[in-house]
2 protein chains.
Amino acid sequence: MARIKTENNLSRKDVIVSKAAALFREKGFKAASMRDLAESVGVEAASLYNHIKSKTELLHELCFSVANRFLHKMDEVEAEHATAIEKIEKLLRFHISEMIHHYEEVYVSDREWKHLSDPYLSNFQNQRRIYRKRFAAIIETGMRNSEIKKIDAPTAVLIMLHAISGIESWHRSTQKISAEELEENMISILVGGLIHR
Amino acid sequence: MARIKTENNLSRKDVIVSKAAALFREKGFKAASMRDLAESVGVEAASLYNHIKSKTELLHELCFSVANRFLHKMDEVEAEHATAIEKIEKLLRFHISEMIHHYEEVYVSDREWKHLSDPYLSNFQNQRRIYRKRFAAIIETGMRNSEIKKIDAPTAVLIMLHAISGIESWHRSTQKISAEELEENMISILVGGLIHR
DNA sequence: GCTTGCCCCTAACATCCGTTAGTATATTAT
DNA sequence: ATAATATACTAACGGATGTTAGGGGCAAGC
């Protein structure tokens, strides 16, 4: 009988969630079937239900674990004594690093959250909206003390966050520059676009 | 019997394709069913097949009509006598305008092309890759004559294109700034991030 | 060595999916 | 008016989907 292999101190559920992230990223939530997932885990579809409640639960876990990491980082950055530009740079570097090292989860959380169902859906949307507001508030602070040029802050936030999701293409590309180079290039262009001169 | 209403000189197929764009955008290609589409068109599901060959055909039409518009614009811009920055600005303004005025189609083409099947899939990927190469080439020209700061051109392209797809959030937002303001803000940030000072 | 609890299996379910067949009705051309 | 064509309908198909039921084996604790 094929048992789910666990390494370190990951639970079997953790293994399933992680394989689900890869699968949802590759095919999309709707197109990825529980039988696909079972195969990638090395088990029959029905067996998954010894560890999880439903397919949607997998999406919950992915979306909210990602969202929580970003909200936690926002708490941290807001509490620091630093210029607006420094704060923004820190947030962006965190986004970039998350997108590079936890590609699958972050991507799924970004693109597949629509398939959440209430109350999770509205909850997630709320967290997202709040996060963006806080991000925009930092930008506005930077505009008030002339670090940042006069722009519409929500628009700037939307540009930053979506630009970073472009790292998806970097992952797929065959002739990648290094992760460090990628990060420096992105920071240079994005922060460079904000600075007041 | 409920007939599909056509206006101007749109064919019934055009009506279906356009409704499909809205539906695919809202729910995603896989999650949108032909019965959903039929309802939004005002007809029974089976009746759609008097006008289209398959669900996938709808996706083909959407993806390639969008891709063709962008490739055509690229031809036009490349042929112009203008600085690299001017060319990039023109391309970006076109992207922004397309995303504002043909939101649904562009969005679907951007996010749902994975569900194309070969040979359409590889064809589409090819067109996309070529487009990005041409975009990167313009940036590299701009770097050679010092209009643009030293960056990795493919990374810059990926930032630009993904940033613009953020207009999705603008469409959903309740308190929108005007389309003109949005465009000027985006150009200011994105082009500002490239310029060599 | 026996029991307990965890884990996996096979089988099956109800439902939804894209699509086809066959038929009826509405529109257009003669 | 009649014939031809376009377009709609109902019914049904085969297959995929998420999930449940029920039974059996494996490992740990006594």
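Proteins come first, then strands; the chains are lettered A, B, ... in the order of their sequence lines, and each starts at number 1. Note that the structure is a prediction, hence the values are computed from the model and not measured.
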Among D:dT19, C:dT19, C:dT20, the one nearest A:Met34 by side-chain distance
D:dT19
For residues B:Lys30 and A:His115, determine if any side-chain heavy atom of one lies less than 4.5 Å from a side-chain heavy atom of the other.
no
Who are the salt bridge (charged side-chain N to carboxylate O under 4.0 Å, His left out) partners of B:Arg35, not counting sequence neighbours?
none
So A:Ile88 and A:Ile148, do their side chains get closer than 4.5 Å, heavy atoms only?
yes
B:His51 has its side chain closest, among C:dC9, C:dA12, D:dT7, to D:dT7
Provide, to the nearest angstrom, the distance between the CD atom belonging to B:Glu44 and the P atom belonging to C:dA21.
19 Å
Results of side-chain contact (heavy atoms from CB on, under 4.5 Å) for A:Ile195 - residues two or more places apart only
A:Ile85, A:Val191, A:Arg197
Below 4.0 angstrom, which residues in residues 21-33 of chain A have at least one non-hydrogen atom near DNA chain C?
none
Establish whether the base of D:dA8 is bridged to the side chain of B:Asn50 by a donor-acceptor pair shorter than 3.5 Å.
yes
In plain terms, say whether A:Glu168 and A:Arg111 are close enough for a salt bridge, that is, a side-chain N and a carboxylate O under 4.0 Å apart.
yes
Atom pair distance, as rounded to whole Å: CG in A:Leu59 and C1' in D:dG18
15 Å
Specify the separation, in whole Å, of atom CZ of B:Arg35 and atom P of D:dA16.
16 Å
Do the side chains of A:Glu147 and A:Lys87 get close enough for a salt bridge, i.e. N-O under 4.0 angstrom?
no
Please tell me if B:Ser47 has a side-chain N or O lying less than 4.0 Å from either OP1 or OP2 of D:dT7.
no
Indicate, with a heavy-atom threshold strictly under 4.0 Å, whether B:Arg12 touches base, sugar-phosphate, or nothing.
sugar-phosphate
Which nucleotide, D:dT19, D:dC9, C:dC9, lies nearest any side-chain atom of A:Val43?
C:dC9
Rounded to 10°, tell me the angle between the two end axes of the helix from C:dG1-D:dC30 to C:dT30-D:dA1, each built from five pairs.
10°
Over how many whole Å does the gap from A:Tyr49 atom OH to C:dC13 atom C1' extend?
13 Å
Can we say A:Asp75 and A:Arg134 salt-bridge, meaning some charged N sits less than 4.0 Å from an Asp/Glu carboxylate O?
yes
Residue-level proximity of residues 112-119 of chain B to DNA chain C when a heavy atom falls under 4.0 Å:
none
So, is the end of the B:Lys55 side chain (NZ or CZ) under 6.0 Å from the ring centre of B:Phe29 and within 45° of the ring's axis?
yes
May I ask you to check whether B:His95 and B:Phe70 place their ring centers less than 6.0 Å from one another?
yes
Could you pull out all residues at least two apart from B:Arg93 that satisfy side chain to side chain donor-acceptor pair (under 3.5 Å)?
B:Glu89, B:Glu183, B:Glu184
Atom NE2 of B:His102 and atom OG of B:Ser109: how far apart are they, to the nearest 0.5 Å?
12.5 Å
Within this structure, what is the CG-to-P distance between A:Leu37 and D:dA16, rounded to whole angstrom?
18 Å
